[in-house]
Each structure stands twice: as structure tokens, then as C-alpha cells.
Visitor: 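I'd like to ask you about the structure that follows.
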Amino acid sequence: MTIPLHLGLSFMTSKFVKAFVICLERHSVVRNKPYLCALRNFGTGPNDSDGEDSSANAPASTFPQFSRRASLFGRRRSLSPLERVSQLLPEDTLSQEVWALRDTRNTEVEQDSQSLGKEREEATEEPQGSFAPHHVCVPGERPLCFGETLLAEFSRKRRLEFRKMFQLKEGLKLHSNWGLIAHTDMEGRPAGSIIRTSMGMPIVIRRPSLDEFTLFMKRGPAIAYPKDASAMLTMMDVTEGDCVLESGSGSGAMSLFLSRAVGYKGSVLSVEIREDHHRCAVLNYQRWRSSWSLRRGEEWPDNVHFHHGDLISAGPLLAGRGFNSVALDMVNPHLALPAVVPHLHPGSVCAVYQANITQVIDLMEGLRCSALPLVCERIVEVQYRDWLVGPSLKKDGTFNKRKAPHEEDDDVDESEPNEDTKGDLNCQDPVPFGDVPYIARPHPEQTGHTAFLIKLRKILK
């Protein structure tokens with residue numbers, strides 16, 4: 001059954017090539033008439049040759065080489081229909097037009113490879129000093145040093161392709177699909193520097209902010225996302241010097257935001273019932289404090305006290321203490337409210353973080369059945385909508401220009417850009433302010449639902 005199928009596919013393929021060769025002959029692409037006797041065998045079987053050992057006598061391959069883009073991203077340049085068909089024909093049957101086309105393609109590939117080699121040599125010979133030659137140090141600026149937590153980013157065509165948070169250590173390398181960067185090449189550079197990888201791709205190396213650190217740090221459970229944490233801090237009206245109670249340390253994200261809000265004069269008591277979550281929160285908190293001391297030259301306030309235990313039975317832990325606000329991230333927060341509310345200042349707020357609406361219903365039912373002096377003021381869901389805003393570009397990479405209503409089509413400049421500046425925005429002629437139209441649309445990747453935030457206030461009845 002396999003042999004007839006193989007012969008049938010080979011016959012159909014030969015007929016297909018025959019039809020294409022006839023078309024090429026009519027357009028004076030093939031110069032020799034007897035082409036059928038010299039057609040190559042390109043069946044679907046394991047042997048694509050004509051049965052002879054042509055490795056010694058065959059001329060050099062004329063197949064198109066890999067382009068610069070293919071060498072960088074592992075993809076071959078797309079072939080035109082003429083190139084696809086000409087590869088199936090013997091070389092002695094091709095016309096001069098086809099040979100000229102191949103020579104042009106090979107010349108372009110050689111130029112691309114030479115330019116790529118020059119770029120890689122320039123990236124290799126780039127000085128690895130403490131600062132870039134054109135950089136002017138700002139007062140108070142500190143270069144990158146070993147032990148810091150850094151963030152690497154690579155963007156292409158207005159899209160973020162790569163982002164990774166790592167700790168700068170001597171002897172290690174940053175690995176990515178776009179090449180390698182040695183950690184020693186980053187040490188001593190200013191934050192926000194662009195460093196080229198081993199493949200010549202530009203990678204931005206900078207220090208992460210606190211919200212970026214919480215998003216990319218090692219997690220145990222799910223974290224309180226920065227958009228929800230900022231809303232909870234606003235609900236609780238946390239200021240410097242406050243004493244805050246947190247239940248559900250998790251991975252330590254909310255603990256870090258509370259630590260920054262209360263400052264050196266305040267304190268945060270974070271209670272976690274699970275030992276693995278408690279250990280993860282402590283490690284992330286210490287990692288951020290050590291990285292902060294290296295980047296700023298001063299200590300992050302050591303104002304968070306982590307406790308492993310159950311808040312429901314933590315009466316001795318809370319004895320004799322008062323809190324300006326409370327943040328609860330628990331499965332059943334209504335069970336812990338009787339132990340927490342007596343230690344909350346009158347008029348203060350208890351913010352509850354709940355992932356499901358059914359948990360919100362259970363919380364409201366627990367408040368209804370209890371005699372706690374709490375009033376539910378708000379139940380909100382925080383949603384952000386990211387947008388893409390950028391200048392309108394042509395296919396060749398140049399800017400589009402605004403067209404005034406009184407302009408006619410004949411006055412529009414349709415001149416082609418220079419080959420040297422084609423696709424390079426920095427090499428274009430300066431465009432006056434307001435002459436470039438912009439495109440704005442919602443980002444295709446939006447953050448969905450994360451949690452419901454409940455604002456409870458203590459009111460003395």
C-alpha cells in the first residue's frame with residue numbers, strides 16, 4: 001500500500017512541476033527545451049537524489065543562504081515562487097535572468113552577514129567601564145553592584161518580548177532566547193543601561209520598583225496585586241507611624257507595601273497560619289531589604305514582625321496592643337473578626353481581601369449574625385485598563401503625516417525614503433510638533449479579575 005501511494009505522489013509532483021516549467025518557458029525563464037529528461041527527483045521518499053553520488057561532482061549549492069534575521073531568530077527568509085520552482089530544475093536549464101536574481105540575493109545576504117558581524121564586533125569591543133562614555137553622573141547616583149536584584153527587558157515593535165528578574169552575582173550569566181550577558185558586564189554600569197547580548201540584541205538592565213518586585217518574586221500562594229494593595233492602603237488611610245495588623249502574609253507582597261507606608265516610626269504585625277507561606281514571606285522581605293540597602297546605601301526599615309500562628313486563637317499575641325488599621329487576607333475572615341475588632345481603634349478601617357464573591361456573601365452573613373460594631377461601607381473590584389499609544393508608522397518604518405482638510409491629493413509628498421534611513425526612526429528628518437498622527441487602542445493583554453475589597457469601619461453604637 002505504501003509503494004503505490006509513493007508512486008502516485010511522485011507522479012502528481014512531476015506533473016505539477018511540468019506545468020510550472022511550461023509557464024516559465026513561455027515567459028523566457030527556462031532557455032533549454034528538453035527539460036523533462038533532466039528533472040530532479042524530489043519524491044516524498046527518503047532519497048531525494050537521482051541515485052548517484054553527486055557530493056563530489058556537484059557544484060556549489062545555489063540555494064539562498066540564511067539572512068540576518070534568520071541567523072538571529074532561527075527563521076529562513078521567505079522564497080518567491082520563482083525561487084521555489086528554480087530550485088527544482090537543473091542548473092544548466094536556468095536562464096540568465098534567474099542567475100542574476102540569485103546573484104542579487106546572495107549579495108544582499110553577504111552584506112547582511114557583514115553588517116551583523118560588525119555590530120557584534122562593536123558590541124564586543126564596547127568599553128565595559130563603570131559608566132558609558134557619554135553618561136554624566138547625577139549626584140547621588142549609584143552604579144549596579146553584585147548582590148542587587150535587577151530586571152532585564154527586551155522590547156520589539158512596541159511589544160515586550162522578554163522580562164526577567166534576577167540577582168546580580170559574580171561568575172553567572174543572564175540566559176535568554178536572544179543571547180547571553182555575563183553578570184560581570186553589568187556590574188559597574190548605571191541603572192537603565194542598554195547592553196547587547198551575545199547575539200547583538202539590546203537588553204535594558206535596570207532596577208525593579210517595589211510593585212515589579214512583588215510581581216516577579218518567588219511566590220508560594222497568590223499575591224495581593226499592586227492595584228489591589230494600593231486601593232487597600234487608601235481604604236485604611238495608612239500613614240507614617242501607624243501600627244497595622246495583617247493576617248495572611250502569603251508571599252509577603254502586602255507586608256512590603258505596608259512596611260513602606262508606615263515608615264521607620266510605624267510597625268506591622270503579620271500573622272500566617274501556614275509554615276511554608278510564612279517562610280516564603282520572610283525570605284522575600286529579607287531579599288528586598290538587602291537589595292534596597294545596596295542600591296540606596298541605607299537600610300530599609302525593619303518594621304515588619306512575622307508570626308507563625310492562627311489569628312483566631314491569637315489572643316495572647318494581641319493582648320495589650322492597639323492597631324490603627326487591619327488588613328485581612330483569609331479564607332474565612334468572619335471567624336477572625338471577634339478576636340481582631342476589640343484591638344482596632346474606634347473609627348478605623350478593617351480592609352478585607354476576598355477572591356470569590358461567595359466569600360463576600362459569607363462575610364456579610366457573618367456580620368449580620370454577629371454583634372460586632374462594624375459597618376460595611378464599600379465592596380469594590382479594582383480594574384485597570386492598559387492602552388497602547390504610539391505614532392502612526394508606514395510599512396517602511398517612517399512616520400505618517402497629518403493631512404490638513406484643505407490639502408489636495410496632488411500636494412501629498414509620496415517620495416520614497418532613502419535606503420540608508422529606511423525603517424530607522426532616529427535617522428528620519430525632524431518632523432514638526434503636531435504633524436504626526438497617533439494611534440490609541442486598548443492593550444490586547446488585559447488583567448482580569450483578581451479580588452474583591454471590602455471596607456469595614458468600626459463604629460461604636
Side-chain angles (χ1 to χ4, degrees), residues 148-153 155 160 162-167 191-192 204 206-240 242 244-263 266 268 270 272 277 280-292 295-296 300-301 303-304 306 325-330 333 349-356 359 378-389 442-455:
E148 281 194 75
T149 301
L150 303 179
L151 190 66
E153 292 179 331
S155 300
L160 185 64
F162 171 74
R163 177 180 283 178
K164 182 178 181 180
M165 191 173 69
F166 62 98
Q167 187 176 11
V204 179
R206 62 180 181 87
R207 296 184 175 106
S209 60
L210 181 57
D211 60 336
E212 291 171 336
F213 178 84
T214 57
L215 290 175
F216 293 99
M217 65 184 183
K218 294 182 180 180
R219 303 182 188 178
I223 64 170
Y225 283 84
K227 66 183 185 68
D228 298 323
S230 60
M232 293 180 68
L233 293 176
T234 305
M235 283 183 177
M236 297 184 294
D237 194 21
V238 181
T239 58
E240 185 177 2
D242 286 355
V244 182
L245 172 64
E246 179 196 10
S247 179
S249 304
S251 298
M254 192 63 191
S255 303
L256 285 169
F257 287 109
L258 289 172
S259 175
R260 184 172 63 177
V262 299
V268 178
S270 182
E272 176 57 54
H277 294 178
C280 180
V282 173
L283 291 176
N284 286 330
Y285 180 73
Q286 294 177 350
R287 183 183 179 186
W288 173 258
R289 291 189 69 244
S290 61
S291 179
W292 178 268
R295 72 158 72 175
R296 290 297 185 94
W300 179 273
N303 51 13
V304 180
F306 295 94
S325 56
V326 177
L328 300 181
D329 184 4
M330 307 169 59
V349 173
C350 173
V352 185
Y353 182 97
Q354 297 284 262
N356 302 319
Q359 294 176 303
R378 297 186 68 185
I379 301 176
V380 298
E381 178 186 9
V382 181
Q383 290 186 345
Y384 285 171
R385 191 175 187 183
D386 295 329
W387 279 72
L388 291 176
V389 180
H443 198 283
E445 299 176 359
Q446 298 289 343
T447 302
H449 167 76
T450 54
F452 297 99
L453 306 181
I454 303 95
K455 182 179 180 180

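Numbering starts at 1 and runs along the sequence shown.
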Visitor: How many angstroms lie between CG in Leu210 and CH2 in Trp292, if you round to the nearest 0.5 Å?
Guide: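 Rounded to the nearest 0.5 Å, the CG-CH2 separation comes out at 8.5 Å.
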Visitor: Strictly distance-based, threshold 3.5 Å: is any side-chain N or O of Ser290 a donor or acceptor partner for the main-chain N or O of Gln286?
Guide: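 Pair found, side chain donor or acceptor close to backbone of Gln286.
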Visitor: Between Ser291 (side chain) and Thr149 (backbone), is there a donor-acceptor pair under 3.5 Å?
Guide: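 Checked: pair present.
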Visitor: Show, in sequence, the C-alpha distance, side-chain angles and deciding distance for Phe452 and Val380, and conclude whether the side-chain contact (heavy atoms from CB on, under 4.5 Å) test is met.
Guide: CA-CA 6 Å; Phe452 297 99; Val380 298; over 6 Å; no
Visitor: Is a side-chain N or O of Asp242 found less than 3.5 angstrom from the main chain of Thr239, in a donor-acceptor match?
Guide: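 Checked: pair present.
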Visitor: Taking all non-hydrogen atoms of both residues, which atom of Pro301 and which atom of Tyr285 are closest, and how far apart?
Guide: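 Pro301 and Tyr285 have their closest heavy atoms at O-OH, 2.9 Å.
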Visitor: Nearest 0.5 Å, what's the OG1-CD distance between Thr450 and Glu381?
Guide: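 Taking OG1 in Thr450 and CD in Glu381, the distance rounds to 7.0 Å.
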Visitor: To the nearest 0.5 Å, what is the distance between CG (Leu328) and SG (Cys350)?
Guide: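 Result: 4.0 Å between the selected atoms.
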Visitor: Of all the heavy-atom pairs spanning Ala229 and Ala224, show the shortest one and how long it is.
Guide: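 Closest heavy-atom pair between Ala229 and Ala224: CB-O, 4.5 Å.
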Visitor: Roughly how far, to the nearest 0.5 Å, is the CG atom of Leu150 from the CE atom of Met165?
Guide: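 Here the interatomic distance stands at 10.0 Å.
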Visitor: Would you please test Tyr225 and Leu215 for side-chain contact (heavy atoms from CB on, under 4.5 Å) and show each step?
Guide: CA-CA 7 Å; Tyr225 283 84; Leu215 290 175; 3.7 Å; yes
Visitor: Does Ser251 use its side chain to pair, donor to acceptor, with the backbone of Gly220 at less than 3.5 Å?
Guide: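 Yes, the answer is positive, given that a donor and an acceptor are paired below the 3.5 Å cut-off.
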Visitor: Would you name the heavy atoms of Gly250 and Glu272 that are closest together and state the gap between them?
Guide: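 Scanning both residues completely, I find the closest heavy atoms to be N-OE1, 3.1 Å.
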Visitor: What I'd like to find out is whether the side chain of Met217 reaches to under 4.5 Å of the side chain of Ile223, using heavy atoms alone.
Guide: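 Yes, side chains in contact.
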Visitor: What are the two closest non-hydrogen atoms of Glu148 and Arg295, and how far apart are they?
Guide: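 Distance-wise, the nearest heavy atoms are OE1-CB, 3.3 Å.
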Visitor: Can Leu233 and Leu258 be said to form a side-chain contact (heavy atoms from CB on, under 4.5 Å), step by step?
Guide: CA-CA 8 Å; Leu233 293 176; Leu258 289 172; 3.4 Å; yes
Visitor: Indicate the atoms forming the closest heavy-atom contact of Arg385 with Trp387, along with that distance.
Guide: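 Nearest heavy atoms, Arg385 then Trp387: O-CD1, 3.3 Å.
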Visitor: State the CD-CZ distance between Glu212 and Arg206, to the nearest 0.5 angstrom.
Guide: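 Going from the CD atom of Glu212 to the CZ atom of Arg206 covers 4.0 Å.
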Visitor: Side chain of Asn284, backbone of Ala253: donor and acceptor closer than 3.5 Å?
Guide: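 Between the backbone of Ala253 and the side chain of Asn284 there is no qualifying donor-acceptor contact (under 3.5 Å).
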Visitor: Which pair of non-hydrogen atoms, one from Ala355 and one from His449, has the smallest distance, and what is that distance?
Guide: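 Scanning both residues, the minimum pair turns out to be O-NE2, 2.9 Å.
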Visitor: Could you check whether any side-chain N or O of Ser259 sits under 3.5 Å from a backbone N or O of Ser255, counting only pairs where one atom can act as donor and the other as acceptor?
Guide: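 Checking the backbone N and O of Ser255 against the side chain of Ser259, no donor-acceptor pair under 3.5 Å is found.
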Visitor: Looking at Val382, is its backbone amide N or carbonyl O close enough to the side chain of Lys227 to form a donor-acceptor pair, meaning the two atoms are under 3.5 Å apart?
Guide: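 Yes, the answer is positive, given that a donor and an acceptor are paired below the 3.5 Å cut-off.
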Visitor: After noting the C-alpha distance and the side-chain angles of Phe216 and Arg163, does the key distance pass the side-chain contact (heavy atoms from CB on, under 4.5 Å) rule?
Guide: CA-CA 9 Å; Phe216 293 99; Arg163 177 180 283 178; 3.0 Å; yes
Visitor: Parallel under 30°, tilted from 30 to 60°, perpendicular over 60°: which one fits the rings of Trp300 and Trp288?
Guide: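 Rings of Trp300 and Trp288: perpendicular, as their planes differ by over 60°.
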Visitor: Rounded to the nearest 0.5 Å, what separation is found between the CD atom of Gln354 and the CE atom of Met330?
Guide: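 Here the rounded value is 9.0 Å.
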Visitor: Within the 4.5 Å heavy-atom criterion, are Asp329 and Met254 side-chain neighbours or not?
Guide: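 When only atoms from C-beta onward are counted, Met254 and Asp329 do not touch, as no gap falls below 4.5 Å.
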Visitor: Between the side chain of Glu240 and the main-chain N/O of Gly263, is any donor-acceptor distance below 3.5 Å?
Guide: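 Side chain of Glu240 to backbone of Gly263, a donor-acceptor pair under 3.5 Å: no, none is there.
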